[in-house]
Q: 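Below is one structure. I have some questions about it.
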Amino acid sequence: MKILYHENCQEFHLQNEGLSYVLAILPNGEVGLRYIGCPLDPDRTYGYLERYEGRGMGTHQEGLPFEFCLDWARREYPTSGRGDYRQSALDVSTPKGQPLFPELRYVSHEIQEGKPELLGLPVSYAEKSSDAMTLVLTCIDGAIGIEARLFYTIFGGFPIIARRVEIKNKGSQRVMLRRVMSCACDLDDSRWVWYQFSGAWARERQPFCTPLRPGIQAIGSTRGSSSAQHNPSCILARPETTEDHGEALGVLLLYSGNHSLEVEVGSHGDTRIVAGINPWNFSWTLVPEDRFATPEVLLAYTAGGLGELSRAFHGIIQNHVVRGFWKNRERPILINNWEATYFDFTEKKLLSLAQAARRLGIELFVLDDGWFGRRNDDRSSLGDWYPNPEKLPDGIEGLAQKIVDLGLRFGLWIEPEMVNPDSDLYRAHPDWVVGAPCTKRTLGRNQLVLDMGRPEVVEYLYGVIAQLLRRSSISYIKWDMNRHITEPLSAALPPERQGEFFHRYILGVYELYDRLTREFPQVLFESCSSGGNRFDGGLFAYAPQAWTSDDTDAVERLFIQWGTSYFYPPSTMGAHVSAVPNHQVGRITPLWSRAFVAFFGAFGYELDIEKLSEEEQEALARQVAFYKEWRGVFQFGRFYRLRGPFWTGPAANWMPGGAGGAFHLPDNEIAWMSVSADQRRAVVLYFQIRSSPNPPMTRLPLRGLDARRLYRLRVYPARRLAKEWGPEAAIRNNEGLRRGDELMQVGLLFGGDGWAGTGRGDYAAWLVTLEAE
Ligand code: DGJ
């Protein structure tokens, strides 16, 4: 990893074993991008990549060459109003609204080992100065008095550049930021396919893709959270790119608030990516000497396909975003009482559930919603974070101790950012809620949102939660957020600063997380927002895992976990086995199929164990024992998507196994695998949604193995484990010793078990373990 500066041609070259990122100073003094791609020789320079030609309707600035038109220059931090008509990164005005058109000219740079810290926002970090290098480019518009510092960090081992910007008011007047994005990246051409990860409650992060076309394609959130609607991430891949080959460029914004990711194809077939805080209802006033820091963007490039791109993001999240005690540490197997009891529980019931869980080897008991105030449904008590004595006679302290005495750890659910109008907190502080100046407010799940931008609200919540954590043996916190924001106004801000509300809100959330995680580093935080409504890289800096979705159905989870895996590693995905018929979709799937899917995440249960038969409880104990043995590979292995449920590329892309044909519809077979870092152990999931008569043969080539090693294979069919059904083709055909190269070229053999296969029914799944001899 290195950053070189070629002074003679003012070119900067950030390079590691995965990529080169080459910047230079443009004829107007701004910073421009010459190249992003596979590594180039950093000792050479690449001035010839800047091509300027006069074109009809082009504009040029007085004193600069006629050929240099901003509208087709590759600018790193574009401003508007001077002849570049594409999406800008920065728009500034006077406080009264008169637009200013800054020109950010390079004045100096620094090259540093490591990565400078940023307080208040979640950013990637380098533990050792040898892990990363950072380039800081300072650019100024002297007339307006605006300084922009552009930060670029390159990490060793990952084809990723972390980018962010700081804007400073160097003038003597106030200025207002109207749009201040984290980065722009201008690419030469537009032969790209855009992937986004979109959905809704209970069907989060489903991949959608479409070729780029002239004009703007964009996703964003104006809901006050990163949202299930559009994850703050996107990919540009070549049309021919597959999981294993081809160019792909990924953008991941480390931010949990309103975001915007925009891709614009310009008039000459060029492509501009812009990502950052959503400009809707945003403004930020900078008084002289004030500074504004944008959230960070991780920009990845690979020629190794979508799979390689995902693994780069997984690696950077695990090693340079997740921090502290839980970094790369195996997560406990939990039981959560939500789907087991909902609001209807007593301490007696919780303890017998915990006892049953303990007998099965489960490690952590989580008490979900309904333990506080007078909360017996979702209409009251959010904000009153003291235990309900009718349900918990000895309080949280007493319950936690009893759970610990049983030999389990204890975890607790909270929803700190919310308040019900029917609560003591609201009665005491009605002015603390968002939208307070409005006469008519909008409720979501009967609740209002606390104004997290107010220091007294954060202080109060810190006091309440810290006290809970100090007094009771709590090892885990599930931090929920069950509605989006409406009437985005703060009673604490003057009218001209209301545009700051959304960003101040999320800064307050980060501050609370930061204080709590620093003071209680060993408490495992799991973020949640009605499932995966706030599943983003920003929160992983504090809470190393998130509840992936309220949808716990095994089939739906295949789609959700598949989509989530493009950016986020399995260790971040809370995944539980729940009861059947499933509470979200009513589907009945085999117990082992449910476990096989949930194994590829931070595993747990969310059902009433005591309602299960003895045989089922025994199965749970075996699942728990199995997961413990393979937990490191499931949570932290290198993850490979093998066969997918979505059409996200040309048809040919979708058959990495080469199976093809009408029998193997892309949404019927899902397969993925995880391989340990030393390539000695691997686990493969192969899931067949619908059963088909007279089942066809299929091969499933594997990935990521050591070609020369011999692996011992064991096959676990979900159905057979539930019931003894005699010989099973998957076992006959796969168990034994196979070399890594065979497994990657030929693959596992599935299907073809005639009558027996037909009897297996829908939702059949197989887990295959591989251990090097
Ligand atoms: C939404 C979460 O996603 C669920 O898991 C559960 O905690 C409920 N909220 C409780 O209200």
Side-chain angles (χ1 to χ4, degrees), residues 199-205 223-229 231 256 334-345 350 353 364-385 387-388 391 396 410-420 422-423 443-450 465 474 476-485 524-536 539 543 545-553 556-557 560-561 564 572-579 582-585 594 598 601-608:
W201 173 77
R203 48 183 166 81
E204 297 90 340
R205 293 173 297 286
R223 296 161 186 270
S225 76
S226 49
S227 88
Q229 278 66 22
N231 194 256
S256 317
L334 65 81
I335 172 112
N336 178 305
N337 77 309
W338 180 242
E339 286 200 18
T341 65
Y342 294 103
F343 293 106
D344 186 16
F345 58 83
L350 298 178
L353 192 56
L364 167 70
F365 179 89
V366 178
L367 173 55
D368 211 280
D369 196 353
W371 58 266
F372 49 92
R374 286 169 291 104
R375 189 154 168 100
N376 293 312
D377 56 36
D378 63 16
R379 283 175 298 191
S380 86
S381 302
L382 286 177
D384 299 343
W385 301 112
N388 177 339
K391 290 184 182 176
I396 287 296
F410 177 73
L412 191 65
W413 176 98
I414 49 169
E415 195 179 359
E417 297 154 70
M418 300 291 155
V419 66
N420 286 112
D422 179 11
S423 68
L443 294 171
R445 207 195 188 202
N446 305 305
Q447 62 203 51
L448 297 168
V449 185
L450 289 173
I465 302 170
I474 298 176
Y476 160 108
I477 288 282
K478 176 175 173 189
W479 178 323
D480 208 342
M481 190 237 188
N482 283 307
R483 62 159 292 182
H484 290 141
I485 292 176
L524 173 61
F525 281 77
E526 174 157 337
S527 83
C528 172
S529 176
S530 284
N533 265 274
R534 204 163 60 180
F535 196 111
D536 58 68
L539 280 184
Q545 61 190 56
W547 182 222
T548 314
S549 175
D550 270 352
D551 196 336
T552 53
D553 170 65
E556 295 302 313
R557 273 304 186 108
I560 294 166
Q561 290 173 210
T564 305
T572 61
M573 300 185 210
H576 301 171
V577 170
S578 62
N582 172 267
H583 293 195
Q584 292 76 40
V585 296
R594 276 174 270 158
F603 179 65
Y605 291 91
E606 188 152 341
L607 77 184
D608 190 346

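Note that ligands are numbered from 1 as they come in the structure, with each ligand's atoms numbered from 1 the same way. The structure presented is a predicted model; accordingly, all values stated were derived computationally and were not measured.
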Q: Indicate the atoms forming the closest heavy-atom contact of N337 with F345, along with that distance.
A: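 That would be ND2-CD2, 3.7 Å.
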Q: For T552 and E606: C-alpha separation, side-chain torsions, deciding distance, then whether side-chain hydrogen bond (donor to acceptor under 3.5 Å, both in side chains) applies.
A: CA-CA 9 Å; T552 53; E606 188 152 341; over 6 Å; no
Q: What does the N/O contact table under 3.5 Å look like for ligand 1?
A:
residue	atom	partner	partner atom	Å
ligand 1	3 (O)	G531	N	2.9
ligand 1	3 (O)	D550	OD1	2.4
ligand 1	3 (O)	D550	OD2	3.3
ligand 1	5 (O)	K478	NZ	2.8
ligand 1	5 (O)	W547	NE1	3.4
ligand 1	5 (O)	D550	OD1	3.4
ligand 1	7 (O)	D368	OD1	2.6
ligand 1	7 (O)	D368	OD2	3.2
ligand 1	7 (O)	W413	NE1	3.1
ligand 1	7 (O)	K478	NZ	3.0
ligand 1	7 (O)	D480	OD2	3.3
ligand 1	9 (N)	D480	OD2	2.7
ligand 1	9 (N)	N482	OD1	3.4
ligand 1	9 (N)	N482	ND2	3.4
ligand 1	11 (O)	D369	OD2	2.7
ligand 1	11 (O)	R445	NH1	2.8
ligand 1	11 (O)	R445	NH2	3.0

Q: So that I know where these two stand, are F343 and W371 an aromatic pair - ring centroids less than 6.0 Å apart?
A: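 Aromatic pair excluded; centres sit 6.0 Å or further apart.
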Q: Looking at R557 and G574, what are the two nearest heavy atoms and their distance?
A: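 Heavy-atom minimum between the residues: NH1-O, 3.1 Å.
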Q: Could you list the residues that satisfy side chain to side chain contact (heavy atoms under 4.5 Å, CB included) with N446, not counting sequence neighbours?
A: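 Partners of N446 by the side chain to side chain contact (heavy atoms under 4.5 Å, CB included) criterion, ordered by chain and then number, come out as D378, R379, N420.
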Q: Taking NZ, NE, NH1 and NH2 as the nitrogens, is one of them in R374 or D384 under 4.0 Å from a carboxylate oxygen of the other?
A: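 Salt bridge between R374 and D384, a charged N being under 4.0 Å from a carboxylate O: no.
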